[in-house]
Amino acid sequence: MNDTLGSWKRTHYCGDLRADHIGDKVCIMGWVQRRRDHGGLIFIDLRDRTGIVQLALDPDRDPEAHTKADRVRNEWVIAAIGTVSHRPEGTVNPKMKTGEVEIEISELRILNQAKTPPFMLDEYTDVAENLRLKYRYLDLRRPTVQRCLMMRHQVTRTVRNYLDEQGFLDIETPVLTKSTPEGARDYLVPSRVSPGQFYALPQSPQLFKQLLMVSGFDRYAQIVKCFRDEDLRADRQPEFTQIDCEMSFVDRDDVMDIMEAMIARVFKETINVELSLPMPRMAYAEAIDRYGVDNPDLRFDLELVEITDIVRGCGFKVFADVAGSGGMVKAINVKGGSGLSRKELDDLTGFVANYGAKGLAWVKMTADGWQSPIAKFFQPEELRAIEQALGAAEGDLLLFVADKPATTNQALGRLRQHLGQKLDLVKKGDFRFVWITDFPLLEWDEEQKRHVAVHHPFTAPLDEDIPLLDSDPGKVRAKAYDLVLNGSEIGGGSIRIHDQAIQQRMFNLLGIDDEEAQLKFGFLLDALSYGAPPHGGIAFGLDRLTMILAGTDSIRDVIAFPKTQKATCLLSEAPGEVDPVQLRDLGIRLAARAKS
RNA sequence: GGGGCUGUAGUAGAGUCGGUUACAACGCCGGCCUGUCACGCCGGAGGUCGCGGGUUCGAGUCCCGUCAGCCCCGCCA
């Protein structure tokens, strides 16, 4: 029924054929994108991963091939031998890379037929994502989707080459490993050999790469899968890939210098963008002060301005009360934003409510002064002071949040990012990097009534802040750094604690007593006591980095077989039930379902 | 755990105030066509309006619940 490949060998990819090939006899293979039947002449657009080329089948030239082409349908797999020829005068298609030529087919083989696909594999149809994911292998035939995965390949290739040149060794770390406290929820794997015990899939190879430093490998790097059992987002999947690095005998600047050069190489070799180095660096405290968040998008201004002191004694009770009780009042000036409708302002109020803000005060700057529900509460000199602080001019829109400092910063900071998108303040093709440094080492967790590590428990404190570990742990800054690109955290790392005594103190500060520390991290503490070099490292989110390079806003676009928001795979239907025998072997009995 | 958006032939959509047989496009099937390229022309088939319940003389349309996909909060050292 179908033809066999026989002795045919492919000579060219479809998308590579050009006028240079005119006169060549070629053999190409691929999928039928479309067939156009003119009664006599038949055209077939043949597609492979490189592109599309037009096949011309003339009944006068080869009746047998023409008859065969009559049966062919979309997505059938065919092979053809023919001669590359210039298209006749007036029929060149400038929209196609290969549009100057066509292949005059002399022999055609149908290698496989295809059912009519559940959706059209063209660039014009926007298909529902659940259908795309169920038939992902078809979705992945589409050039736009293929482009993303090819981009990903270019990123990993460039990274591997660079790290190899810089002397990093690629060493694999275990996937079946041990659950550790702190951090994200683990994916667990039951042990058959040790009933009742579980492996955990790594949230990152953190401990192992530190052990490799103790072993003297000096520079380690791995492109590696990590697993976190937390809820998904547009830029978060339960299994994702890190570019994971660790280096010995370095400080923060060494790591940042080497890594930003790697990122620059990636941008050059994937999208041919030249980045200027060094990348700017900004302390955490400054980022929070100016942008409200630790991942600021520097492609636009719209900075936060604190006016707590100005409104401390004002007649607007909401502001005055917050200012008088340790809270914070901040505002942003949306230049030329006074045209926003009441509905839009209500939407923005709803937006900040997501982040716990109880309200969003607004002022439209008009020729007649303040147009605002709160204008009447302020004295003229207060109005002027606020205008001056914000640089307000006619046509501007001022937006205010008053709350606890953390809430004010987060709500207004997220509002800033939101407005950047909504008001189209970002220029396409603009890449603004910033290293955020000097993160707090610890933060107080109100629910658990204890300190938790901001980065992770192995992050070293700044040398000058070590005395504060005892007196004021919340003030200690960490030797940690995040690389932020266009408001997205694409990587982060730190210099680690290489001193066993300090690591022990760190665990104590986190409320992990010696016994628990020994139980959970004993092997690390042991290793640190056998001559651990000063070391530090970083991990980049390969998926997020590729998203930005590919210009897409969903992490699923850069993953071949991604999971849905409920962490299921619509293609394989994972997760699924397992055979009772498998459970018995593992010593697992399922609890009765809570529902139904 | 919570908030929001979406769900109608294979696909992506329209469907008015609750009222006759649920529309047209693309795709599919058949026919015609020798220079098209998202070919064109003629004809045809194709529907559990996500699912369940309710209101009503009557529900794609209104109400309640539920499922799925997506976006967000919490969570993500």
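Rounded to whole Å, the C1' atom of B/G4 lies 46 Å from the corresponding atom of B/G43. Look at the P atom in both B/C26 and B/C71: the space between them is 32 Å, to the nearest Å.
Minimum atom distance to the side chain of A/N130 is reached by B/A68, of the listed B/A68, B/U11, B/C72. Distance from the side chain of A/N74 is smallest for B/G27 among the nucleotides B/C75, B/U34, B/G27.
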For this session: Take A/K209 and A/Q222 through the test side chain to side chain contact (heavy atoms under 4.5 Å, CB included) and record every step on the way to the result.
Result: CA-CA 9 Å; A/K209 66 177 178 176; A/Q222 190 183 189; over 6 Å; no
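Listed in residue order, the members of residues 476-495 of chain A having a heavy atom less than 4.0 Å from RNA chain B come to none.
Side chain A/R236 to base B/C76: a donor-acceptor pair is found below 3.5 Å. Between the side chain of A/R87 and the base of B/C37, a donor-acceptor pair under 3.5 Å is found.
Contact check, A/R34 against B/C39: a side-chain N or O comes under 4.0 Å of OP1 or OP2.
A donor-acceptor pair is defined here as one N or O able to donate and one able to accept, closer than 3.5 Å; such a pair exists between the side chain of A/N295 and the backbone of A/G487.
For the salt bridge (charged side-chain N to carboxylate O under 4.0 Å, His left out) condition, no pair includes a residue of residues 510-525 of chain A, sequence neighbours left out. The side chain to side chain donor-acceptor pair (under 3.5 Å) analysis of residues 64-80 of chain A, with sequence neighbours excluded, yields the pairs A/D3-A/K68, A/R47-A/E75, A/E75-A/R141.
Residues A/Y220 and A/D244 have side chains that bring a donor and an acceptor to within less than 3.5 angstrom of each other.
The CE atom of A/M328 sits 5.0 Å away from the NZ atom of A/K330 when rounded to the nearest 0.5 Å.
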